[in-house]
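Below: one structure, written as structure tokens.
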Amino acid sequence: MNSNWIINEKSFNIDKNKYYEGAFCQGNGYLNLRASFEEGLSKATQDELYERSFKSVTTEIQKNPISKWGTYIPTIMGNHPALNEVIINLPYFMEFSFRMDGEKLDMDLSNISEYERILDLQDGVLTREFIWTNKADSCKLKFRYNRFPSMEQKHLFVQKIEVEVLEGTSNLEILSGIDGKVTTNGYNHFVDMNTKIISDMISLRCKTDVENYVMELCKLSSDNVNFSIVKGEKDIRYKGIKQIKKGERYSFEKRSIIVTSRDLEEGDLEKRALILIDAADISYESLYRENKEIWNKKWNESDVKIEGNIKDQLAIRFSIYHLLRSNNEEDPRMAICAKGFAGEAYYGRYFWDTEIFLLPFYIYTNPKAAKNLLMYRYNTLQGAKENAKKYNSPGARYPWQSAIRGDEQCSLWEYADNEIHITADIAYGIWHYFKATNDYEFLINYGTEILFETARFWCSRVDKNKFGGYDLLNVMGPDEYSAMTRNNSFTNRMVKLNLEKAIEALEIVKEKDKLAYEKLNCKLNISKDEIEVMNIIASKLKVIVDKEENYIVQSEDFEDYAEIDIDGLWKDKNKPFGFFVTQEKLYRSKCLKQADALALAMLFKREFTEEQILNTYRKYEPITTHDSSLSPVNHAIVAAWIEDKEHLDKFTEYALNLDFNSDLKGAEEGIHIANCGCLWQLIMNGIAGIDTAINEGTVKSSRVKLPKDWTKVEFKLRWQEKTYKVEALKDNVFIKEA
Ligand code: BGC
């Protein structure tokens with residue numbers, strides 16, 4: 001194993017268990033699995049029911065403090081009475097437990113030594129090794145577990161467990177099966193569950209509360225242990241008992257197939273599962289090899305090599321690993337949720353994180369995946385139109401929190417009503433993708449329609465002011481600690497782009513494909529007057545730059561807010577600032593949850609002078625709390641531009657460690673996937689100084705700024721059908737076609 005690619009947990013610590021469940025989450029795009037132990041933890045039941053109502057995730061204390069199993073297929077979402085559409089935690093088919101003379105194996109309670117768990121980022125395999133000595137100290141067993149979801153056979157999960165008897169004799173009981181007694185956020189989404197034995201295999205089939213069906217089918221094999229099957233109503237298991245003695249070795253292999261009625265493939269679930277389990281009936285080594293081949297291809301497109309700091313190298317690969325495993329470029333009905341499908345916080349929903357923080361990584365490393373993310377928005381355009389109707393508006397208003405249907409899922413009114421920039425962020429994403437790829441087919445057939453419908457919405461959302469201009473009132477910009485602002489510069493600029501690009505895209509369609517243009521015109525019933533109005537509004541929306549201090553003003557009313565003693569109130573900086581101040585006070589104070597004017601600077605670098613960006617940074621950075629994980633990495637990018645070495649180092653370290661450093665436990669409820677995506681942008685835009693295709697027509701670097709200890713960064717970049725290899729050194733950047 002290559003130490004630049006592996007992450008290890010060297011000893012078991014119950015306080016960090018939940019962190020590792022999230023950090024070591026495995027996936028192949030279709031299926032995502034938190035890294036819980038096969039045998040579970042006796043102290044952490046997984047079927048407790050509780051009432052969870054919607055609260056701000058920033059300040060919420062989550063239930064299940066020790067362990068939360070998680071088996072997620074993004075298109076399987078259910079209906080929660082208070083929370084709306086939520087991702088469902090599916091029955092646990094990884095289960096595998098042992099008893100030695102009646103004593104149960106438990107990482108917390110048993111006598112465990114030489115424990116080590118390793119996630120290999122290169123092939124997505126999770127390995128666990130340890131020695132288990134029974135309480136009487138008469139028998140000692142050595143265990144080695146390997147497991148991975150196959151990148152090649154997307155419905156397949158592979159497990160291999162080897163046991164060696166180091167000392168003594170014992171009666172070993174082995175139980176392995178499917179446990180359906182799981183809940184999601186304390187809620188049971190299954191209305192029906194059946195277990196069944198199919199020849200020598202076990203299966204569980206369930207129906208969800210929105211009438212989706214899920215079937216899991218497992219086959220266990222071992223050279224020297226015979227199994228019987230114990231069938232319960234909500235669980236089904238293989239059971240084997242064996243007298244073991246020193247020197248013996250045992251090996252178990254389990255193949256699990258999961259299929260659902262929401263899969264892109266059609267057909268009877270049981271028939272499909274049986275065909276798939278047959279296809280998986282090859283050696284562990286062959287399954288591993290085909291899995292590895294796909295991982296190799298993915299890493300070949302997207303690896304970032306850092307010289308000079310091994311820890312940072314691992315951390316960046318850790319974030320890319322999660323970007324690769326959580327993305328399903330084959331299914332345009334889904335995007336990537338805020339927690340990267342590695343936990344239940346944020347309920348498996350999609351935010352602006354997708355277009356602004358994640359999309360660039362895919363645009364520049366795997367445009368097919370980027371297109372798929374945008375197709376999700378096209379496929380939920382109807383939901384956005386219905387959402388606009390709810391606000392008595394024409395066109396399409398994308399929801400702040402989106403799921404499968406595409407209508408609003410967020411039940412906190414101030415976000416749903418006011419955090420409207422999401423709609424324009426999607427327009428930005430479309431334009432960014434188009435400029436970087438020249439994908440006219442996408443723009444003509446899908447992108448323009450979204451751009452136009454969203455532009456139409458904006459024309460009804462603006463208010464005309466007494467000076468003949470237009471305002472966007474009652475807006476929450478990216479900074480969620482300013483809830484109802486006037487003319488948020490970020491939102492205004494994004495809306496301007498949305499309006500302008502709708503018109504430009506329409507011109508492009510007209511020029512490139514007359515027939516498509518006619519069809520679109522007919523479908524959308526576009527009038528000259530409407531375009532004229534869009535033009536006028538776009539030209540009159542303000543991006544405010546303070547005349548005296550020459551910085552980008554977050555919103556017209558920001559300076560009216562009260563001063564607040566951030567340092568004095570923030571008693572424990574390990575917790576978000578939001579824990580120490582009421583929401584109501586946050587909403588009227590001069591403190592930021594996250595980058596806002598600096599998010600604008602990040603996206604439209606070329607529109608501001610270096611001095612303006614520097615002044616904006618100096619103005620807002622001291623009052624920004626970074627209570628949102630989207631903030632530090634945005635700051636790192638801008639710090640690189642303004643050549644603030646100290647802040648570049650500080651925020652790069654902050655962002656790299658957010659989920660990677662086990663002491664911070666950031667990954668407990670899932671991965672901060674937007675941070676992962678934006679870390680890649682930090683490499684491209686901040687460190688290597690390469691501007692995006694929104695701002696620049698060719699791949700070129702304006703300046704390079706390597707963080708502390710780094711001597712070189714190397715990565716590949718796709719740009720308008722070409723692949724470039726970038727090498728950033730201390731004082732120079734070399735870009736050549738690969
Ligand atoms: C942030 C939002 C973000 C959401 C999901 C919130 O805490 O303030 O900007 O979209 O988390 O990541």
Side-chain angles (χ1 to χ4, degrees), residues 22 54-62 83 86-87 319 322-323 326 335-361 373 377 398-403 408-412 414-426 428-429 475-483 485 488 490-491 494 554 575-579 581 583 586-587 591-600 602-603 620 624-635 654-655 658-659 666-679 681:
F54 196 94
K55 290 208 199 91
S56 161
V57 183
T58 318
T59 54
E60 190 174 7
I61 299 183
Q62 303 279 350
L83 305 171
V86 297
I87 198 157
S319 70
H322 284 292
L323 290 164
S326 60
I336 299 173
C337 77
K339 288 290 183 183
F341 308 117
E344 285 162 22
Y346 287 124
Y347 320 108
R349 302 205 185 124
Y350 312 123
F351 295 70
W352 72 311
D353 306 33
T354 308
E355 282 73 20
I356 304 302
F357 293 83
L358 294 165
L359 191 69
F361 166 75
L373 291 174
R377 295 298 188 181
Y398 278 94
W400 173 240
Q401 293 189 10
S402 187
E408 184 62 77
Q409 299 304 316
C410 179
S411 30
L412 286 174
E414 60 273 52
Y415 301 84
D417 286 356
N418 302 345
E419 202 155 3
I420 49 175
H421 63 84
I422 174 72
T423 294
D425 302 337
I426 291 165
Y428 184 97
V475 166
M476 183 189 265
D479 165 26
E480 293 182 339
Y481 288 167
S482 303
T485 68
N488 168 261
F490 176 93
T491 309
M494 294 298 261
Q554 177 169 314
K575 293 196 177 114
F577 181 62
F579 265 86
V581 186
Q583 176 157 299
L586 292 170
Y587 282 0
C591 60
L592 276 65
K593 181 176 176 187
Q594 62 204 97
D596 191 308
L598 288 177
L600 172 60
M602 175 174 84
L603 300 185
Y620 291 113
T624 303
T625 62
H626 307 291
D627 278 4
S628 161
S629 62
L630 275 51
S631 191
V633 64
N634 187 155
H635 278 72
Y654 191 153
L658 206 76
D659 290 328
E668 282 190 339
E669 303 299 331
I671 292 294
H672 294 94
I673 201 80
N675 175 62
C676 298
C678 204
L679 270 168
Q681 294 182 61

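Just follow the structure's listing: the first ligand is 1, and inside any ligand the first atom is 1.
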## Note on the structure
Note: Asp627, heavy atoms under 4.0 Å from ligand 1, region reported as neither
### Query
By number and element, which atoms of ligand 1 are closer than 4.0 Å to a non-hydrogen atom of Asp353?
3 (C), 5 (C), 10 (O), 12 (O)
### Message
Could you go through Asp596 and Tyr620, starting from their C-alpha distance and side-chain angles, then the distance that decides it, and tell me whether this counts as side chain to side chain contact (heavy atoms under 4.5 Å, CB included)?
### Response
CA-CA 9 Å; Asp596 191 308; Tyr620 291 113; over 6 Å; no
### Query
Just heavy atoms, cut-off under 4.0 Å: does Gln594 contact ligand 1 by side chain, backbone, both, or neither?
side chain
### Query
Would one find an N or O of Glu419, backbone or side chain, under 3.5 Å from an N or O of ligand 1?
no
### Message
If you define the side chain from C-beta out and look only at heavy atoms, does anything of Met494 sit under 4.5 Å from Leu603?
### Response
yes
### Message
Check this for me - ligand 1, Lys593, N or O atoms closer than 3.5 angstrom, yes or no?
### Response
yes
### Message
Using a 4.0 Å cutoff against the non-hydrogen atoms of Ser628, which atoms of ligand 1 qualify?
### Response
1 (C), 8 (O)
### Query
Which atoms of ligand 1 have any heavy atom of Ala338 under 4.0 Å away?
5 (C), 12 (O)
## Note on the structure
Here the gap from Leu658 atom CG to Asn675 atom CG, rounded to the nearest 0.5 Å, amounts to 4.5 Å
### Proximity of Tyr346 and Phe351 rings by center, below 6.0 Å
yes
### Query
Should Ile87 and Phe341 count as side-chain neighbours, where that means a heavy-atom distance under 4.5 Å?
yes
### Task
Mind checking whether Trp400 contacts ligand 1 via backbone (N, CA, C, O), side chain (CB onward), both or neither, at a 4.0 Å heavy-atom cut-off?
side chain
### Query
Taking all atoms of both residues into account, what is the closest heavy-atom pair of Pro478 and Asn488, and its distance?
CD-OD1, 4.0 Å
#### Entry: Glu344 side chain vs Val86 backbone, donor-acceptor pair below 3.5 Å
no
### Task
Identify which of Phe351, Phe357, Tyr346 has a heavy atom lying nearest to atom 11 (O) of ligand 1.
Tyr346
